There are 2 protein chains.
Amino acid sequence: MTYVDESEVKSVSQATLRRLPKYLHLLRNLKRRGRDAVSCSFIGEHLSLDPTQVRKDLAVTGVIGKPKVGHGTSELIDAIEQFLGWNNVTEAFLVGVGNLGAALLGYDRFNHYGLKIVAAFDKDPAKVGKTIGDYDVLPLEKLPDLARRMNILMGIITVPAEAAQSVADLMVSSGIRAIWNFAPVNLQAPEPVIVQDEELYATLAILSRHLAKNLKSEKLERGIEVNGLDS
Amino acid sequence: MTYVDESEVKSVSQATLRRLPKYLHLLRNLKRRGRDAVSCSFIGEHLSLDPTQVRKDLAVTGVIGKPKVGHGTSELIDAIEQFLGWNNVTEAFLVGVGNLGAALLGYDRFNHYGLKIVAAFDKDPAKVGKTIGDYDVLPLEKLPDLARRMNILMGIITVPAEAAQSVADLMVSSGIRAIWNFAPVNLQAPEPVIVQDEELYATLAILSRHLAKNLKSEKLERGIEVNGLDS
DNA sequence: TAGATTGTTAATCGATTAACAATC
DNA sequence: TAGATTGTTAATCGATTAACAATC
């Protein structure tokens with residue numbers, strides 16, 4: 001039995017964590033428009049979510065609302081930011097300066113989400129030394145030493161699938177604890193490192209299936225009697 | 001009661017749909033290496049998934065395996081591609097030629113996933129007329145007419161959050177049925193259109209929370225007695 | 001044949017949703 | 001005060017996992 005207090009560092013479902021940025025985004029908009037309190041029903045309506053779910057999600061941050069009033073907008077924003085650590089900046093290294101990598105380097109909005117990419121690396125000698133936006137592309141060999149010295153905890157992988165695991169290994173052995181992986185492969189990493197895949201093709205699959213199904217339905221409907229009564 | 005046969009056009013959980021591209025990617029690799037049959041346990045091991053889950057997922061495509069052998073690699077690949085409609089090319093329009101939009105335009109791998117971006121649009125007159133990779137950036141006003149004439153069913157939104165809903169509305173009114181949304185907002189679209197958000201910040205939230213939690217644990221551990229026994 | 005693997009039914013688990021007392 | 005909204009406990013729902021007979 002360890003004495004790391006679970007109420008202090010409790011585990012929250014990924015589903016909840018994924019919704020928190022949506023709340024944050026909405027709340028920031030509301031605040032900008034001068035709204036200083038908001039109910040969970042209001043949030044739910046705007047994000048197409050069940051109000052009870054909103055309430056439960058927000059509860060993980062520790063905020064307490066006022067009956068009949070709701071939650072203070074600023075208070076809620078602060079609570080979510082603190083819960084996600086977005087009140088502090090996390091510095092990250094990015095490896096793989098292709099199209100996608102370059103796009104992320106140029107993405108200036110990450111600073112609202114606690115993230116700052118501080119260096120970019122590539123294995124390809126043709127890319128090393130080039131400048132992309134504000135970044136000089138560094139050789140991959142320099143990553144371990146720099147990561148240690150700068151105490152970098154987050155790595156972003158935007159290399160082709162084949163190279164992704166070896167980059168992950170390098171990151172892990174350099175002290176990186178959290179990996180944001182854009183390559184379409186299952187990466188292995190030992191505790192306490194976590195890997196999160198950005199599965200572009202997963203999203204595409206849902207859209208593609210929707211269209212494929214529609215086409216099929218239409219064909220069927222053309223051949224088969226359909227009446228409009230439901231049930 | 002409609003006579004659209006549910007066994008032909010059945011509904012599959014999003015979780016399953018999201019895993020199909022992973023299977024596909026692995027299977028293509030295996031095929032390339034000359035493997036012509038594969039068991040669900042093997043797939044599960046490589047993707048860190050329960051073998052029963054793999055079996056159920058693959059069942060939606062209609063493939064039938066052989067006891068003791070597994071499934072034919074090529075057969076499985078074909079089945080998944082057909083199920084997702086990736087055996088045919090879906091043509092898509094992209095709106096918003098910023099960093100991310102440009103990256104997607106330059107992404108040459110989509111053709112393995114049934115997608116072809118055929119035109120790029122932007123509202124900003126400064127960007128219209130420019131060439132990005134193989135694409136001439138067209139003015140947004142041209143989208144409706146072109147979409148109708150080319151029978152475009154998929155739209156990709158890479159504009160800022162504020163502009164996303166109006167772009168979505170334009171797409172919907174131009175006959176587009178599936179929207180891949182990279183802007184961090186909840187978009188509304190009427191049936192039978194579906195919107196899928198690519199929630200970059202959702203993934204980031206999970207990673208950030210992991211790091212924030214780690215830091216907290218470490219602080220706690222420094223102050224509080226911890227012993228290594230579990231349970 | 002023996003046993004690896006299939007497909008399917010049942011059990012478990014966790015997340016979402018509903019119900020409701022507490023309260024500003 | 002009355003009622004909108006909270007926080008929480010219980011019910012529902014769906015997805016994952018386990019169990020097992022069928023079979024090449």
Side-chain angles (χ1 to χ4, degrees), chain A residues 6-7 10-23 26-27 30 35-76 79-80 83 186 199 202 205-206 209, chain B residues 6-7 10-23 26-27 30 35-76 79-80 83 186 199 202 205-206 209:
Chain A
E6 287 210 328
S7 69
K10 68 182 135 206
S11 246
V12 170
S13 81
Q14 289 211 355
T16 294
L17 287 175
R18 296 183 67 88
R19 282 188 293 266
L20 290 177
K22 292 193 180 183
Y23 300 136
L26 175 64
L27 290 163
L30 293 173
R35 180 151 185 158
D36 48 39
V38 61
S39 75
C40 292
S41 322
F42 182 89
I43 294 174
E45 243 169 68
H46 276 253
L47 300 178
S48 315
L49 296 172
D50 184 284
T52 303
Q53 183 165 75
V54 175
R55 213 165 286 127
K56 272 206 167 155
D57 285 343
L58 297 180
V60 305
T61 68
V63 286
I64 292 173
K66 284 199 182 70
K68 192 159 180 184
V69 177
H71 294 81
T73 315
S74 301
E75 194 191 351
L76 214 36
I80 295 173
F83 184 77
N186 192 243
E199 303 174 40
I206 296 170
R209 174 59 187 166
Chain B
E6 287 211 326
S7 69
K10 69 183 132 205
S11 248
V12 170
S13 80
Q14 289 211 356
T16 292
L17 286 174
R18 296 183 68 87
R19 283 188 293 267
L20 290 177
K22 292 193 179 183
Y23 301 137
L26 175 64
L27 290 164
L30 293 173
R35 180 150 185 160
D36 48 40
V38 62
S39 75
C40 292
S41 322
F42 182 89
I43 295 174
E45 244 169 66
H46 276 253
L47 301 178
S48 315
L49 296 172
D50 184 284
T52 303
Q53 183 166 74
V54 176
R55 212 165 286 128
K56 273 207 167 151
D57 285 344
L58 297 180
V60 305
T61 67
V63 287
I64 292 173
K66 283 199 183 69
K68 194 160 178 180
V69 178
H71 293 80
T73 314
S74 302
E75 194 192 350
L76 215 36
I80 295 173
F83 185 77
N186 193 243
E199 303 173 42
I206 295 171
R209 174 60 187 165

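For clarity, every value in this text was computed on a predicted model and none was experimentally measured. Proteins get letters first, then strands, A, B, ... in listed order; numbering begins at 1 in each.
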Using whole Å, what does the distance between atom C1' of nucleotide D:dG7 and atom CG of A:Leu58 come to? 12 Å

First of A:Arg19 and A:Arg55 reached from the 5' end of DNA chain C, by closest nucleotide: A:Arg19

Take atom CZ of B:Phe42 and atom P of C:dT6, then tell me their distance rounded to the nearest Å. 12 Å

Taking all non-hydrogen atoms of both residues into account, name the closest pair between A:Phe83 and B:Arg209 and its distance. O-NH1, 3.1 Å

What's the closest nucleotide to the B:Asp50 side chain, out of C:dT17, C:dT6, D:dT17? D:dT17

Provide, to the nearest angstrom, the distance between the CG atom belonging to B:Leu76 and the P atom belonging to C:dT6. 10 Å

Counting Watson-Crick and G-U wobble pairs only, both distances under 3.5 Å, name the nucleotide matched with D:dT23, or none. C:dA4

Scanning all shown strands, the Watson-Crick or wobble mate of C:dA18 with both distances under 3.5 Å is D:dT9

Please report the shortest heavy-atom distance between A:Leu20 and A:Asp57, naming the atom on each side. CD2-O, 4.3 Å

Distance check needed: D:dT16 P versus B:Asp57 CG, whole Å only. 7 Å

Figure out the CG/C1' separation between B:Leu49 and D:dA18, and round it to whole Å. 16 Å

From CD1 of B:Ile64 across to P of D:dA22 the rounded distance in Å is 18 Å

Going by heavy atoms in the side chains, are A:Leu49 and A:Tyr23 under 4.5 Å from each other? yes

For the side chain of B:Gln53, starting at C-beta, report the closest nucleotide among D:dC24, D:dT16, C:dA15. D:dT16

I want to verify a distance call: between C:dT5, D:dT17, D:dA10, whose nearest atom is closest to the B:Ser39 side chain? C:dT5

Heavy-atom pair with the smallest gap, counting every atom of B:Pro51 and B:Ser41: CB-CA, 3.9 Å

For A:Gln14 and D:dT16, what is the distance between atoms CD and C1' respectively, to the nearest whole Å? 15 Å

For the side chain of A:His71, starting at C-beta, report the closest nucleotide among D:dT6, D:dC24, C:dT16. D:dT6

Counting any heavy atom closer than 4.0 Å, what does B:Lys68 reach on the DNA or RNA strands: base, sugar-phosphate only, or nothing? base

Using a 4.0 Å heavy-atom cut-off, does B:Thr52 contact any base of the nucleic acid, only the sugar-phosphate backbone, or nothing at all? base

Shortest non-hydrogen contact between B:Leu76 and B:Val38, atoms and distance: CD2-CG1, 4.3 Å

Using only modelled atom types and a 3.5 angstrom limit, is any donor from either the side chain of A:Lys56 or the base of D:dT6 paired with an acceptor on the other? no

